[in-house]
Number of protein chains: 2
Amino acid sequence: MSNALTTEIKGDLDAIVEAFLYLYTESRRLTKEIAARHGLTGPQLTVVKMLEALGELPLSRLSEKIRAQNSTVTGIVDRMEREGLVTRVRSAADRRVVHIQLTAKGASLARGVQVEPMDIFRDALSTLSAEEARSLLRVLRKVARRVESKVEEAAEAEAKRGTES
Amino acid sequence: MSNALTTEIKGDLDAIVEAFLYLYTESRRLTKEIAARHGLTGPQLTVVKMLEALGELPLSRLSEKIRAQNSTVTGIVDRMEREGLVTRVRSAADRRVVHIQLTAKGASLARGVQVEPMDIFRDALSTLSAEEARSLLRVLRKVARRVESKVEEAAEAEAKRGTES
DNA sequence: GGCTAAAATTTTCTACACGAAACATTCACC
DNA sequence: GGTGAATGTTTCGTGTAGAAAATTTTAGCC
């Protein structure tokens, strides 16, 4: 476990983690900067663009899309509603559900912002060849599967601790 | 720009972005969960591990290390001090400087937590073959370079706008 | 049909994290 | 001794999540 080869691989892994973190934080920073240019926060821009692309959405659907909890999105929508960017509409079909929809003001703002969130990242990715993209996707999926199984292991360990007590 | 091939590549790119976000959010969530098991928050675990590895640090040094603003770290250290995990010590040499150091309680806690932040991600990466790791690193670096140049372009455009006004 | 229990959806409440800007203190330099 | 930079804190608005509460729907049962 401590010969030259494994040391080299370990260095590669650290470099991958570093590159990964760099890409993530930088993409977030850029999104935020673009949003600020239009008087929005990062998450607000994400929401505006999501609604522009998909039309009105139940709050919980929106939460899933932006990978946040309902309680988080409630706050974001509160502030956007205060600014007149979106409105809440009770669903007639299922009155538990609240649809979030863009106002005219929100929609026009959405049209005005050219760059979608993550577009810089996507744009950088588009410089990859088809082979490179495919290979990257394959490797990321492999890593994702591995993380996923880790998550399941942890959940099982958790459940086991539960039965013991 | 709308034939079958480019459409397919576009789908790959979306999938890459999605996998990327999944990996990041999941790694953060797991770190947070491990921290919670020891009565800490995610950032607090990061700080504890950092201080264990490097010894006492000025607050601004700590801020750099964990990629956060001084104002953010002030709050984190406040809460950790309240819990008796760290102490603030004014530097005798430069009285502007506040050294953050682990207490006995903080140090013993640090020893008790095996997993460092991002270890889950690193662990998942370690299932890659040497070739895969090298290829992933190469592609990520290519993307990172591309993002970097985008950032510089934006900075120049910003500067130009500045001189015009 | 009407009642009750369970499930689904959203909001409220509480605590922490985060950054920008304004501020006080201290240092370094002239 | 005055000026400007460095260091840390405070304040304010936002984002983030989890737990509990509120509201409505759904299913099962008589």
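A note on names: the letters A, B, ... follow the listed sequences, proteins ahead of strands, and every chain is numbered from 1. Treat the numbers as computed from the prediction; the structure is a model and nothing was measured.
- Hydrophobic clustering, with ILVMFWY side chains joined whenever heavy atoms are under 4.5 angstrom apart, keeps A/Val89 apart from A/Leu51.
- Under the side-chain hydrogen bond (donor to acceptor under 3.5 Å, both in side chains) criterion, B/Ser60 pairs with no residue at all, not counting sequence neighbours.
- The 5' end of DNA chain C is approached more closely, in terms of each residue's nearest nucleotide, by A/Val97 than by the other of A/Lys32 and A/Val97.
- Under the rule for a side-chain hydrogen bond (donor to acceptor under 3.5 Å, both in side chains), B/Lys32 has no partner lying at least two apart in sequence or in another chain.
- Nucleic acid contact for B/Ser71: base, since at least one base atom lies under 4.0 Å from a heavy atom of the residue.
- The interatomic distance linking B/Asn70 (CG) with C/dA20 (P) rounds to 12 Å, in whole Å.
- A/Arg61 meets the side-chain hydrogen bond (donor to acceptor under 3.5 Å, both in side chains) test with A/Glu64; sequence neighbours excluded.
- For A/Thr74, there are no side-chain hydrogen bond (donor to acceptor under 3.5 Å, both in side chains) partners two or more places apart in sequence or in a different chain.
- Residues from residues 60-68 of chain B that place a heavy atom under 4.0 Å from any atom of DNA chain D, listed by number: B/Ser60.
- For A/Arg28 and C/dG19, the CZ to C1' distance is 11 Å, given to the nearest whole Å.
- In this structure, the CD atom of A/Gln69 is 19 Å from the P atom of C/dA15, given to the nearest Å.
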Show which side-chain atoms of residues 96-104 of chain B pair as donor or acceptor with protein atoms under 3.5 Å away, not counting sequence neighbours.
unit_1: B/Arg96; atom_1: NE; unit_2: B/Asp94; atom_2: OD1; d: 3.1
unit_1: B/Arg96; atom_1: NE; unit_2: B/Asp94; atom_2: OD2; d: 3.4
unit_1: B/Arg96; atom_1: NH2; unit_2: B/Asp94; atom_2: OD2; d: 2.8
unit_1: B/Gln101; atom_1: NE2; unit_2: B/Glu56; atom_2: OE1; d: 2.3
unit_1: B/Thr103; atom_1: OG1; unit_2: B/Gly84; atom_2: O; d: 2.7
unit_1: B/Thr103; atom_1: OG1; unit_2: B/Leu85; atom_2: O; d: 3.1
unit_1: B/Thr103; atom_1: OG1; unit_2: B/Lys105; atom_2: N; d: 3.4
unit_1: B/Thr103; atom_1: OG1; unit_2: B/Gly106; atom_2: N; d: 3.0

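- Taking the side chain to side chain contact (heavy atoms under 4.5 Å, CB included) definition, one finds that B/Leu54 meets it with B/Met50, B/Leu57, B/Lys65, sequence neighbours left out.
- Of the residues in residues 72-85 of chain A, those placing a heavy atom less than 4.0 Å from an atom of DNA chain D are A/Thr72, A/Ile76, A/Arg79, A/Arg82, in numerical order.
- Heavy-atom neighbours of B/Arg67 CZ from other residues, nucleotides or ligands within 6.0 Å: at or below the threshold of 12.
- Ion pairing between a basic and an acidic side chain is recognised when a charged N comes within 4.0 Å of a carboxylate O; A/Arg88 and A/Glu81 show such pairing.
- Salt-bridge check for B/Glu83 with B/Arg79: failed, with every basic side-chain N at 4.0 Å or more from each acidic carboxylate O.
- Mapping heavy-atom proximity under 4.0 Å, the span of DNA chain D touched by chain B runs 5' to 3' from D/dA5 to D/dA17.
- Applying the side chain to side chain contact (heavy atoms under 4.5 Å, CB included) rule to B/Arg95 yields no partners; only residues at least two apart in sequence or on another chain are considered.
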Determine, for nucleotides 25-30 of chain C in 5'-to-3' order, which nucleotides have protein heavy atoms under 4.0 Å from the base (write B), from only the sugar-phosphate (write S), or from neither (write -). -BS---
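- Of the possible polar contacts, one joining the B/Lys49 side chain to the B/Ala110 backbone as a donor-acceptor pair under 3.5 Å is found.
- Take B/Ala19 and apply the side chain to side chain contact (heavy atoms under 4.5 Å, CB included) test, not counting sequence neighbours, and it matches A/Leu140.
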